[in-house]
There are 2 protein chains.
Amino acid sequence: MDKNNQTTEERILAASKKVFHTRGFDGARMQEIANEAGVNKSLVHYYFRNKESLFKSVFEDAFGQLLTKMNEVFFSDLPIIAKIETFLHFYLDFLAMNSYLPWFILNGLHERPGQLKELMDRMQMSPQRLINRIHDQVKEELNIEIDPLHFFINMLSLSIFPFLARPLILSVLGYSPEMLGQFYEERKTKVPEFILNALKGYENYPSK
Amino acid sequence: MDKNNQTTEERILAASKKVFHTRGFDGARMQEIANEAGVNKSLVHYYFRNKESLFKSVFEDAFGQLLTKMNEVFFSDLPIIAKIETFLHFYLDFLAMNSYLPWFILNGLHERPGQLKELMDRMQMSPQRLINRIHDQVKEELNIEIDPLHFFINMLSLSIFPFLARPLILSVLGYSPEMLGQFYEERKTKVPEFILNALKGYENYPSK
DNA sequence: GTCTATATTTCGATAGAC
DNA sequence: GTCTATCGAAATATAGAC
């Protein structure tokens, strides 16, 4: 225990998150992590053998958070509409507070594919089951036939992309960070509205 | 002129695109570019002074393609619905043929913000004008009041995100590259359907 | 556990012969 | 224009004292 009531290991891990999240694997520097943690470079190697394994810790922590909650929501007993609303509410809220995570995760998967195999197994995630569950429940409760994968990807797209596009919005649209925060705040209501509207569109056709 | 009817400079540029597009700036290696072009490392420096300026050429070429077409469509004389359909059709088609571009561009903006200032000026792009144009035209023709920025970002999200998430779909969902291609193909009809459905949803409220 | 010093590797860039 | 050889600057990783 020392500064800030954290062990040295904890401070290094926290520093790693900060650096990896914003810079990715290739862009991150062990020196910057050490500085951020207020320790020497060697200590980082002492606790986490090398950059690779340190990154793995950080990556799995981030990705695990998102997967866990997703599973919770979609395998719960809620009606499908409530699931969608709950999921979006949670996701948009969580992402607004961790707006660097989407880029970090996608970039991690891009730079280092195969990062996941083990993690998925360890967490007993079965995305195919999740997708099937959505399909069945939509059919049962709303009496419409949608392609669940496209629908699921649509939800993710509308939630996640605006965070990936932050540099685009800032530089191309010339937004200030404050305006951007406001924009993300607005999406918490706009996105569910958009998605549920689209669903109603499908609903009309078969029932009339 | 030499191999493949291309000048050496052209071959180096083509090789650079291939490497930068898939690896980004940080991940790209001058050596790999040289190999890919079938020349020596020094020649790359001979034609393009350094890595930075080489990247700039590649980045501006990629981003320019997307911006130009976007401008063309949204400042045309088409009705708004046709614009949306034309835009989506073009974008989904173009991205399916250049599925690495979204990651390359967003990653480029992330790694090197400020990459754009000059380019936007040179191209006389005014995204704010484009957004305003959408707002006015939707109001005029469809008689509904939408937030044009959110709507525009929604279109981009649904078009672009699935390409950013390719590693996710491949590894998490266990898709094969063929299935992924099929998935992108399907989106050419699914995405316009989804977006126009959502618009109809808004249309109902004010008119009833 | 923590530090200083240093080894090792990788990579962008240049010098100079042809 | 194109090549070989090499420099010099990071950046990861380790050795070894305390």
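The basis for the numbers below is simple: all heavy atoms, side chains too, and nothing from hydrogens, waters or symmetry mates. Naming: A, B, ... by sequence-line order, numbering from 1 per chain.
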TODO: Classify every nucleotide of nucleotides 5-18 of chain C by which part a protein heavy atom approaches to under 4.0 Å, writing B for the base, S for the sugar-phosphate alone and - for neither, in 5'-to-3' order.
DONE: B-----SBBBB---
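We find that CG of A/Leu43 is positioned 5 Å from P of C/dT2, with the value rounded to whole Å. Put simply, OH on A/Tyr46 is 17 Å from P on C/dT4, counting in whole angstrom units.
Remark: A/Lys69 fails to qualify as a cation-pi partner of A/Phe94 under the 6.0 Å distance and 45° angle criteria applied to the six-membered ring. Geometrically, B/Arg133 does not engage B/Phe75 in a cation-pi contact defined by less than 6.0 Å to the ring centre and at most 45° from the axis.
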Task: Pair B/Lys56-B/Gln115, side-chain hydrogen bond (donor to acceptor under 3.5 Å, both in side chains): steps then yes or no - done: CA-CA 8 Å; B/Lys56 197 172 172 179; B/Gln115 195 67 244; 5.9 Å; no
Can you list, pair by pair, the side-chain donor-acceptor contacts under 3.5 Å of residues 189-196 of chain B, counting residues two or more places apart and other chains?
residue  : atom : partner  : partner atom : Å
B/Thr189 : OG1  : B/Glu186 : O            : 3.1
B/Glu193 : OE2  : A/Tyr202 : OH           : 3.3

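When ring centroids are compared, B/Phe20 and B/Tyr100 stay outside the 6.0 Å threshold.
Residue contacts for B/Tyr47: at a heavy-atom cut-off of 4.0 Å it reaches the sugar-phosphate backbone alone, with no base atom in range.
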